[in-house]
Each structure stands twice: as C-alpha cells, then as structure tokens.
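Below: one structure, written as structure tokens.
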Amino acid sequence: MQQYDTYIFDLDGTLLNTLTDLAASCNYALRTSGMPERTLEEVRLFVGNGVKKLMERAIPGGATHPKFGETYAAFRSHYLQHGLDHTQPYPGVMEMLEELVRRRKHIAVVSNKFYAATQELCQHFFGSYIPVAIGEREGIRKKPAPDTVLEALSQLGVSEANAVYVGDSDVDIQTARNCEMPCISVLWGFRDKAFLTRSGATTFVHSPREIIDER
C-alpha cells in the first residue's frame with residue numbers, strides 16, 4: 001500500500017472496539033428514563049456521528065423527546081465512568097502504530113466522541129504513539145466538516161500534503177473528501193464493505209498490517 005507522511009485516524013470502529021461500552025451506557029441511560037433498550041446491532045448502526053446523534057437515534061422520538069436532555073446527560077456521565085470496561089484496540093492496531101512511529105510518521109486521532117473521552121481513551125491505550133487527539137467540543141464543527149482534521153494537522157505542525165485519513169464509516173469518507181485527502185476504509189469496524197462502497201469508498205484494508213505493508 002502507498003505510504004504517507006501523516007496518518008489521521010478515526011477512533012471508534014477504527015482503532016478501538018468501543019461498541020460494547022457504548023451500548024452499555026446507551027442502555028443504562030434508556031433504562032433510567034424508562035425507555036426501551038437497544039440491541040448491540042442497533043447501537044452498531046447508530047454510531048458514527050457522535051454520541052449525541054447516537055442517543056437521538058436510540059431514544060424514541062429523538063431530540064424532540066421531553067426527556068432527551070436528561071437521558072443524554074445520563075449517557076455521558078455513565079460513559080465517562082465506564083468507557084474502559086470492555087473497550088480494547090482491534091488486533092494488530094498496536095503493532096501498526098508502533099511501526100508508524102518507528103518510521104517517524106505523524107499520527108493523530110480525530111473523533112466525533114466528546115473531547116474528554118477521546119483524550120482519555122487515546123492516553124490510556126496509545127500513550128505517546130498518538131500525540132494529538134481531537135474530540136467533539138463547543139466552537140468547532142464535528143466531522144464530516146474538515147475543522148477537527150485541520151486542527152489536528154495544525155497541532156502536528158504539518159500540512160495535508162501526503163496525509164491520509166483512515167476510518168470505518170461513511171462520515172469518515174465524507175470527512176476525507178471535505179479535507180481533499182485520500183481515505184483508507186477499514187473492514188474490521190462498524191460498517192461492512194457493501195455499505196462503505198455505496199458511500200464512495202475506494203481503498204480498503206482487511207487488517208491494520210495492510211496499512212503499513214509497503215508491497
């Protein structure tokens with residue numbers, strides 16, 4: 001695969017398998033509000049646009065529900081306490097990051113997960129491998145807008161020249177397009193190849209090893 005100087009990674013579904021913990025916090029919040037819980041597969045389809053959108057999709061009536069605000073707050077509180085219960089890097093991710101660091105590549109994470117959780121997860125699992133991690137916060141447009149990617153590039157001190165975006169969803173494909181960057185779509189995440197192809201994906205990898213394979 002073509003090698004790049006800078007790698008911007010999505011987090012959930014790309015580097016970390018966060019689905020079980022997201023579903024647990026979602027269902028905790030729904031339970032506390034007396035709402036029906038969601039299956040793991042339903043939550044898989046709800047993620048990808050940030051946790052607020054996840055809860056809009058999970059709560060009957062979405063953001064118009066009278067209890068939306070308190071249910072969303074319950075999700076955030078629970079997830080900040082339990083976001084590490086089952087979450088782990090996908091197989092091969094740590095080896096891939098170690099090799100990218102060895103090759104002196106620039107690496108960042110850009111996520112639609114709220115900022116504190118993005119920072120905590122990246123520090124906990126990846127430490128110095130990922131020096132820049134940008135999450136959702138006030139005052140900056142989330143993906144697929146290019147803002148968070150451009151901020152990550154700025155913090156890395158590099159331009160988008162010879163940079164690539166790596167993700168697992170249609171939002172990631174749109175983000176890369178809006179940043180005028182190539183996109184690598186991973187096939188171990190929350191969306192399958194058929195969905196990604198319909199969303200415009202053209203470059204796929206089946207394992208993290210393929211990202212660093214120079215053949």
Side-chain angles (χ1 to χ4, degrees), residues 8-33 35-60 62 71-94 96-97 109-126 130 133-136 142-144 165-175 183-199 201 204-208 211:
I8 307 295
F9 289 96
D10 172 56
L11 187 60
D12 295 48
T14 300
L15 296 179
L16 293 178
N17 188 349
T18 56
L19 185 60
T20 298
D21 287 328
L22 286 168
S25 292
C26 174
N27 283 327
Y28 167 82
L30 294 172
R31 273 197 313 277
T32 61
S33 293
M35 299 176 187
E37 296 183 32
R38 297 293 192 164
T39 68
L40 193 67
E41 286 309 305
E42 284 179 313
V43 175
R44 181 192 298 275
L45 296 177
F46 294 161
V47 299
N49 296 85
V51 291
K52 187 173 184 179
K53 182 61 70 174
L54 159 62
M55 294 308 294
E56 285 179 11
R57 292 165 173 163
I59 293 172
T71 309
Y72 176 51
F75 169 89
R76 286 176 63 100
S77 176
H78 188 273
Y79 189 72
L80 283 172
Q81 296 179 53
H82 296 279
L84 297 175
D85 287 0
H86 302 95
T87 291
Q88 290 292 329
Y90 286 100
V93 160
M94 296 307 298
M96 173 195 67
L97 292 175
V109 158
V110 168
S111 175
N112 277 345
K113 186 188 294 293
F114 42 93
Y115 199 89
T118 301
Q119 293 277 311
E120 179 184 4
L121 288 168
C122 285
Q123 183 59 41
H124 178 81
F125 287 108
F126 308 125
I130 298 179
I134 309 294
E136 179 186 6
K142 65 181 183 178
K143 301 183 295 183
Y165 189 97
V166 185
D168 74 306
S169 74
D170 54 329
V171 173
D172 296 315
I173 296 165
Q174 295 166 20
T175 302
C183 183
I184 297 173
S185 295
V186 308
L187 296 177
W188 57 81
F190 297 160
R191 301 290 186 266
D192 61 25
K193 187 173 184 178
F195 178 91
L196 293 170
T197 300
R198 289 195 302 271
S199 301
F204 303 94
V205 289
H206 295 82
S207 73
I211 292 175

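Note that these values count all heavy atoms, side chains included, but never hydrogens, waters or copies made by symmetry.
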Q. For Asn112, what residues pass the side chain to side chain contact (heavy atoms under 4.5 Å, CB included) criterion, not counting sequence neighbours?
A. Lys142, Lys143, Val171

Q) Who pairs with Tyr28 by ring pair (Phe, Tyr, Trp, His ring centres under 6.0 Å), at least two apart in sequence or on another chain? A) His78

Q. Hey, are the side chains of Leu30 and Ile59 touching, using non-hydrogen atoms and a 4.5 Å cut-off?
A. yes

(Q) Does any part of the side chain of Val186, heavy atoms only, come nearer than 4.5 Å to the side chain of Phe9, both counted from C-beta? (A) no

Q: Just jot down the salt bridge (Lys or Arg N to Asp or Glu O under 4.0 Å) partners of Arg76, sequence neighbours excluded, or say none.
A: none

Q. Looking at residues at least two apart in the chain, or sitting in another chain, which of them share a side chain to side chain contact (heavy atoms under 4.5 Å, CB included) with Gln119?
A. Tyr115, Ala133

Q) Do the side chain of Asp168 and the main chain of Phe190 share a donor and acceptor less than 3.5 angstrom apart? A) yes

**Q.** ring pair (Phe, Tyr, Trp, His ring centres under 6.0 Å) partners of Phe75, counting only residues at least two apart
**A.** Tyr79

Q) Checking Trp188 side chain against Thr14 main chain: does a donor-acceptor pair fall under 3.5 Å? A) yes

Q | Any pair counted as salt bridge (charged side-chain N to carboxylate O under 4.0 Å, His left out), so long as it reaches residues 17-32, sequence neighbours left out | A | Arg31-Glu37

Q) Where the side chain of Thr32 meets the backbone of Ala29, is there a donor-acceptor pair that is under 3.5 Å apart? A) yes

Q: Check for a donor-acceptor pair, side chain of Asn27 on one end and backbone N or O of Arg38 on the other, with a separation under 3.5 Å.
A: yes

Q: Name all residues meeting the side chain to side chain contact (heavy atoms under 4.5 Å, CB included) criterion together with Gln81; count only those two or more places apart in sequence or in a different chain, and write none if there are none.
A: Ser77

**Q.** salt bridge (charged side-chain N to carboxylate O under 4.0 Å, His left out) contacts touching residues 183-199 (sequence neighbours left out)
**A.** none

(Q) Applying side chain to side chain donor-acceptor pair (under 3.5 Å), can you list everything that pairs with Thr71, at least two apart in sequence or on another chain? (A) Ser33

Q) For Pro60, which residues count as a side chain to side chain contact (heavy atoms under 4.5 Å, CB included) partner, sequence neighbours excluded? A) Met35, Pro36

Q) What pairs meet the salt bridge (charged side-chain N to carboxylate O under 4.0 Å, His left out) rule with one or both residues in residues 49-60, with sequence neighbours excluded? A) Lys53-Glu56

Q. Can you tell if the side chain of Phe125 reaches within under 4.5 Å of the side chain of Val93, non-hydrogen atoms only?
A. no

**Q.** Under the ring pair (Phe, Tyr, Trp, His ring centres under 6.0 Å) test, residues paired with Tyr72 that sit two or more places apart
**A.** Phe68

Q.
Under a 3.5 Å cutoff, is there a donor and acceptor pairing between the side chains of Asp172 and Ser169?
A. yes

